[in-house]
Amino acid sequence: MAVEKVIIIGSGPAGFTAAIYTSRAMLKPILFEGDQPGGQLMTTTDVENYPGFADGVMGPEMMQVFRKQAERFGTRLESKLVDKVDFSKRPFKVWSDGKEYQAETVIISTGATAKLLGHETEKKFWGKGVSACATCDGAFFKNVDVVVVGGGDTAMEEAMFMTRYASKVYLVHRRDEFRASKIMADRVLAHPKIEVIWNAEVHEIYGERLMKGVKLKSTKDGSIRDVPSEGLFVAIGHKPNTDIFKGQLELNEVGYIVTKPGTTYTSVDGVFACGDVQDPVYRQAVTAAGTGCMSAIDAERWLEKNHL
Ligand code: NDP
């Protein structure tokens, strides 16, 4: 069986950047695109904060450009999901659709998935007012009222960020105390533009083509409250896509891959991780691309050092 130099798992900005660099280094990577090729950017609309696109770009279009650039230098794309890996010895093994692949190095860029409320109406108004990323979409909500849902640090951050644009930010939390760190919670509680709505859950998002408001249901007495608003940011956490790596690599307590600070090295020598799968903090396309580049350089130097 052929032993590849590099297998990349995941096709967001991190994976494609790793592919561009490793293919330009003549390492002929295979990149598994998974079942949502392009990653989280495929579910966003305008991307205005990626350097180099002065007029902004649509998320899916940007991923097409990344993909094309990776292919141009010889990346072999497999539009399949990896369902099993074995990192216990080298060459590493990766299975997809029952077929086994082997590689000297593996770069993991499987990303994270924003947790969603799971409502029908959330789906209906996704990208039409509903978003899971204020940094990405916040600037589209200038001088309007918005709702942020959640009680952790992400929700605090999203609510604070939205005060720059929105006239008013309603922060909706299902309990009567935040899970967030005290310093961030205090900042939110002191902000004149933020009103916290305790003990409430989203019951329904309504509107016409775009969302116009949200009906909240009290978790105490079931009463319904109407909050007219043009935006709703779901900030109830992310889940790193690491199920297949459990028991193979060191993960932190919430499932993110642990990398050696300042590098993309994981707990297994020769396996590297980049992008959101190892980053609960920044989670931006540009930082994902940056760590994708790092993982390609780490893998390239690792192969050289090991005479492979
Ligand atoms: P958390 O898991 O900490 O918080 C999620 C919040 O969403 C909780 O308040 C939870 O409510 C609420 N929630 C979960 N599911 C639902 C639901 N279905 N409906 C309504 N509410 C729901 O996730 P975060 O993303 O906030 O944080 C993850 C980690 O990242 C934390 O360790 C955090 O400290 C860290 N982080 C750090 C930042 C920083 O330091 N700058 C910024 C962002 C994150 P409940 O409390 O009732 O469970």
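Counting starts at 1 for both ligands and their atoms, following the listed order. Only this structure's heavy atoms are used, side chains among them; waters, hydrogens and symmetry mates stay out.
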> Just need the protein heavy atom nearest to atom 41 (N) of ligand 1, so name the residue and atom and give the distance.
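For atom 41 (N) of ligand 1, the nearest protein heavy atom is Glu157 OE2, 2.8 Å.
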> Select the closest option to atom 21 (N) of ligand 1 among Val202, Asp176, Ile236, judged by heavy-atom distance.
Ile236
> Return the residue, atom name and 0.1 Å-rounded distance of the protein heavy atom closest to atom 17 (C) of ligand 1.
Arg174 NH1, 3.5 Å
> Any carboxylate oxygen within less than 4.0 angstrom of a Lys/Arg side-chain nitrogen, looking at Lys124 and Glu120?
no
> Could you check whether any side-chain heavy atom of Gln278 comes within less than 4.5 Å of a side-chain heavy atom of Tyr256, counting everything from C-beta outward?
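When only atoms from C-beta onward are counted, Tyr256 and Gln278 do not touch, as no gap falls below 4.5 Å.
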> In the complex you have, is atom 14 (C) of ligand 1 within reach of the protein, judged by whether a heavy-atom distance drops under 4.0 Å?
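Neighbour list for atom 14 (C) of ligand 1 includes protein heavy atoms (cut-off 4.0 Å).
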> Answer yes or no for His173: is there a heavy-atom contact with ligand 1 below 4.0 Å?
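Yes.
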> Around atom 38 (C) of ligand 1, find the nearest protein heavy atom and jot down its residue, atom name and distance.
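The protein heavy atom lying closest is Asp153 CB, 3.9 Å.
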> Just list the side-chain donor-acceptor pairs under 3.5 Å for residues 287-300, sequence neighbours left out, or say none.
from, atom 1, to, atom 2, distance (Å)
Thr287, OG1, Gln284, N, 3.1
Thr287, OG1, Gln284, O, 2.9
Thr291, OG1, Gly275, N, 2.8
Thr291, OG1, Thr287, O, 3.2
Thr291, OG1, Ala288, O, 3.1
Ser295, OG, Gly292, O, 2.8
Asp298, OD2, Thr264, N, 2.9
Asp298, OD2, Thr264, OG1, 2.7

> Taking Gln248 for its side chain and Val85 for its backbone only, find out whether a donor-acceptor pair lies under 3.5 Å.
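Side chain of Gln248 to backbone of Val85: a pair is present.
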> Measure from atom 36 (N) of ligand 1 to the protein's non-hydrogen atoms and state whether any distance is below 4.0 Å.
yes
> Under 6.0 Å between ring centres, would you say that holds for Tyr101 and Phe32?
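Yes; Phe32 has its ring centre under 6.0 Å from that of Tyr101.
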> Using the ring centroid of each side chain, check whether Phe141 and Tyr165 are separated by less than 6.0 Å.
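No - the distance between ring centres of Phe141 and Tyr165 does not fall below the 6.0 Å cut-off.
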> Determine all donor-acceptor pairs shorter than 3.5 Å in which one atom belongs to a side chain in residues 181-194; sequence neighbours excluded.
from, atom 1, to, atom 2, distance (Å)
Ser181, OG, Asp153, OD1, 3.0
Lys182, NZ, Asp186, OD2, 2.6
His191, ND1, Lys193, N, 3.0
Lys193, NZ, Thr163, O, 2.7
Lys193, NZ, Ala166, O, 2.9

> What distance separates Asp86 CG from Trp95 CH2, expressed to the nearest 0.5 Å?
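Reported value, rounded in 0.5 Å steps: 5.0 Å.
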> Any protein heavy atom lying closer than 4.0 Å to atom 31 (C) of ligand 1?
no
> Geometry only, no angles: is Lys115 polar-contacting ligand 1 at N/O separations under 3.5 Å?
no
> Which part of Glu201 is near ligand 1, with near meaning a heavy atom under 4.0 Å away: side chain, backbone, both or neither?
neither
> So which protein heavy atom does atom 47 (O) of ligand 1 come closest to, and at what separation?
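For this ligand atom, the closest protein heavy atom is Arg175 NE, 2.7 Å.
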> For atom 28 (C) of ligand 1, what is the nearest protein heavy atom, given as residue, atom name and distance?
Thr154 OG1, 4.5 Å
> Are any of the side-chain heavy atoms of Leu232 and Met211 separated by less than 4.5 Å?
yes
> For ligand 1, which is the ligand I care about here, please tell me if Gly151 has any N or O atom under 3.5 Å from one of the ligand's N or O atoms.
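N/O-N/O distance under 3.5 Å: yes.
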> Checking a contact table here: which protein heavy atom is nearest atom 48 (O) of ligand 1, and how many Å away?
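The answer is Arg179 NH2, 2.6 Å.
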> When you measure from atom 23 (O) of ligand 1 to every protein heavy atom, which one gives the shortest distance, and what is it?
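That would be Gly237 CA, 3.8 Å.
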> In plain terms, say whether Glu195 and Arg225 are close enough for a salt bridge, that is, a side-chain N and a carboxylate O under 4.0 Å apart.
yes
